[in-house]
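This report concerns only the one structure given below.
In what follows, every chain begins at residue 1, and chains take the letters A, B, ... in the order their sequences are listed. Worth saying up front: this structure is predicted, and the values here are computed from it rather than measured.
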Amino acid sequence: MEIKIKLNGTEMTADVEPRTLLVHLIREKFSSTGTHIGCDTSSCGACTILIDGKSAKSCTILAVQVNGKEISTVEGLLTAEGLHPIQEGFKENHALHCGFCTPGMMMRAVELLEKNPNPSEDEIRWGISGNLCRCTGYNNIVSAIKYASAKIRGAELPSTEPKFV
Amino acid sequence: MIPSSFEYSAPSTLDEALKMLNELGDEAKILAGGHSLIPMMKLRFAEPEHLVDINNIPGLSYVKEEGEYLIIGAMTREVELEESDIVAAKFPIFLDAAKLIADPQVRNWGTIGGNLAHGDVANDHPAVMIALDAEVEITGQNESRWVSINEFFMGFYTTAVQEGEILTAIRIPNASGKNGNSYHKNERKVGDYATAGVAVNITLDDSGTCTAVGIGLTNVNPTPLKAERSEQALIGTKLDDAAIANAAQYASEDCKPSDDLRGSVDYKRRIVKTLTKRMIIKAMERAN
C-alpha cells in the first residue's frame, strides 16, 4: 500500500505492507534511527514520536494509519537556530547516561511543554510516566524539562549544578 | 514483533464501514485506537484477516450534554475526556480513571469505545460505566440500538456488539440531586492493569440520604462486576459507617478474582474491600 507522510517537514512516500509498524517505517524505510525500539510492547516509550503534534508510541501504530499525517522525530528537533530547548535542557542537566530512552523522553517532553509550558514537578513526572529510563533515576530528566520550560517561556534558567539527593 | 499479514481498509463514512463489516463477517476486526488490538496481533493472540480502521470516519468523537444525558462519541480519545470541561465539572470519575489508564502516549490514541468494545475485564471504563449506569449505542447496517451496560459484557472478550456492528456512542444519565463519583485502581506500576479497581457513583437527597448508587468492580470477576448487594446496602441510608462497612464487605465477598501475578484471591478481596470503602467516602465527599 502506497502511503505519503511528512517526516520532520519533508514529504515522503513509501510502499508498505499493512502490517508494517510505524517505527519500522521510520527506522528502516526512512533510515531515521533516532527513534528507538525498546520493549516493543508500548511500555517503555523509547519509540515515542509525534503524530500531528501528539505523542504516540510508534511500535503500536501501523504505518498505514498515519497516511497523510505529519510525523516528528528526534531528528527534527535541531534547527538552523541550534538545539531545541529540550535538547539544551538534557545537555545542560546531564539528563542521559546511555541515551537509549532520550529520543522518546524528549519527544514526549515536547508535547508536554506544548500543552503546559509551565508544568509542576508532579505534572512533569506524570507527563513522562509512559517513558522508562534505567540509568538516571529520572531526577536529571525532570530538571532538563524544567530547564526547557524556563527557556521556552523566557524565564530565568534554573541552576544546572548537580544536586545530590 | 510484527503482526501476521492482513488486509487493511480505512472507510471514510460509517455506512461504508458497516457495509464492509457485513461483507467480511468474522474475518474482520475494527481498528479504533489499536492499543489493545495491535499488541494482541503482534503476539498472534489475534490474527484478523481484515482490519477496518474507523479512525477516518468523522463525527464519532465528541463529548456533549443532550437532554438528560452526557453523550460521548465512541472514538473520543482518553486524553479528550481528561481535558473536557463538562467531564471535569460533573464526572470527576473519568479524571480518576483516565489518569490511571496506561500512560499519556497511549491515552492520546486509546478510545473510550475501544476500551469497552474490547470486552477486557481488566479495562477500567467498564466498571466506571457500570457505576454510572451507562448505555451503549450499537449501530448496525439497518438500525441502531441502546444497550444497558449491565447487558453489554457477555464473557471473555465478548460483548453485545455483533458481527457487522459498531459501538458508536455511550450515554450517561444526569443525576438528580447531589451527585458524586470516584474511581481508583491498585496497579503495580504505571501502565499496568488493575490488581483491583472500584468505581462508585452516589446520589443523595437534601437530607443526605442515598437515593441512588452504582458500584462497579474492575478485574476481579470473569466479567466487569456490578456490586449489587453493596449497592442495596447503601440505598436509603445516610451512608453511615456501618452501611459503608457492609457495602465494602459484600463487594469483597461477591467478586470472584483469580490468583495471578498481581496477587492472591484473598489479597484481591482485601483490596476490593478497602477501595470500596474509600471510593464510597470520596464519592460522598464530592456529592456534598
Inspect the surroundings of CD in B/Glu7 and state if more than 12 heavy atoms from other residues, nucleotides or ligands are less than 6.0 Å away. no
Got a sec: does the NZ of B/Lys29 have more than 12 other heavy atoms crowding it under 6.0 Å? no
Considering residues, nucleotides and ligands other than B/Glu47, do more than 12 of their heavy atoms fall under 6.0 Å from its CD? yes
Chain A heavy atoms under 4.5 Å from B/Leu51: which part of the residue, side chain, backbone, both or neither? side chain
B/Asp53 side, atom CG; A/Leu62 side, atom CG - distance, nearest 0.5 Å: 8.0 Å
Between B/Lys99 (side chain) and A/Trp126 (backbone), is there a donor-acceptor pair under 3.5 Å? no
Honestly, the part of B/Leu37 sitting under 4.5 Å from a heavy atom of chain A is neither
Tell me, with the steps shown, if B/Gln105 and A/Thr48 meet side chain to side chain donor-acceptor pair (under 3.5 Å). CA-CA 8 Å; B/Gln105 288 97 311; A/Thr48 300; 2.9 Å; yes
A/Glu2 CD: over 12 foreign heavy atoms closer than 6.0 Å: yes
Rounded to the nearest 0.5 Å, the NZ atom of B/Lys189 sits from the OG atom of A/Ser129 at a distance of 10.0 Å
Counting heavy-atom pairs under 4.5 Å with chain B, the top scorer among A/Ile61, A/Thr41, A/Leu112, A/Ile37 is A/Ile61
Heavy atoms only: give me the nearest B/Tyr8-A/Gln65 pair and the separation to one decimal. OH-CA, 3.9 Å
Validation row: A/Thr60, B/Pro39 side chains within 4.5 angstrom (heavy atoms): yes
For the student: nearest non-hydrogen atoms of B/Ile2 and A/Arg19, plus distance: CG2-O, 3.7 Å
CZ (B/Phe6) and CD (A/Glu17) are apart, to the nearest 0.5 Å, by 9.0 Å
Positions in residues 79-92 of chain A that reach chain B, provided some heavy atom is under 4.5 Å away: none
OG (A/Ser42) and CD1 (B/Ile38) are apart, to the nearest 0.5 Å, by 9.5 Å
More than 12 heavy atoms from other groups under 6.0 Å of CZ on B/Arg278: no
B/Pro104 and side-chain contact (heavy atoms from CB on, under 4.5 Å): which partner among A/Arg108, A/Lys115, A/Lys54? A/Arg108
Side chains of A/Cys59 and B/Met1, heavy atoms from C-beta outward: is any pair under 4.5 Å? no
By a 4.5 Å heavy-atom criterion (distance strictly below it), what part of A/Glu111 contacts chain B: side chain, backbone, both, or neither? side chain
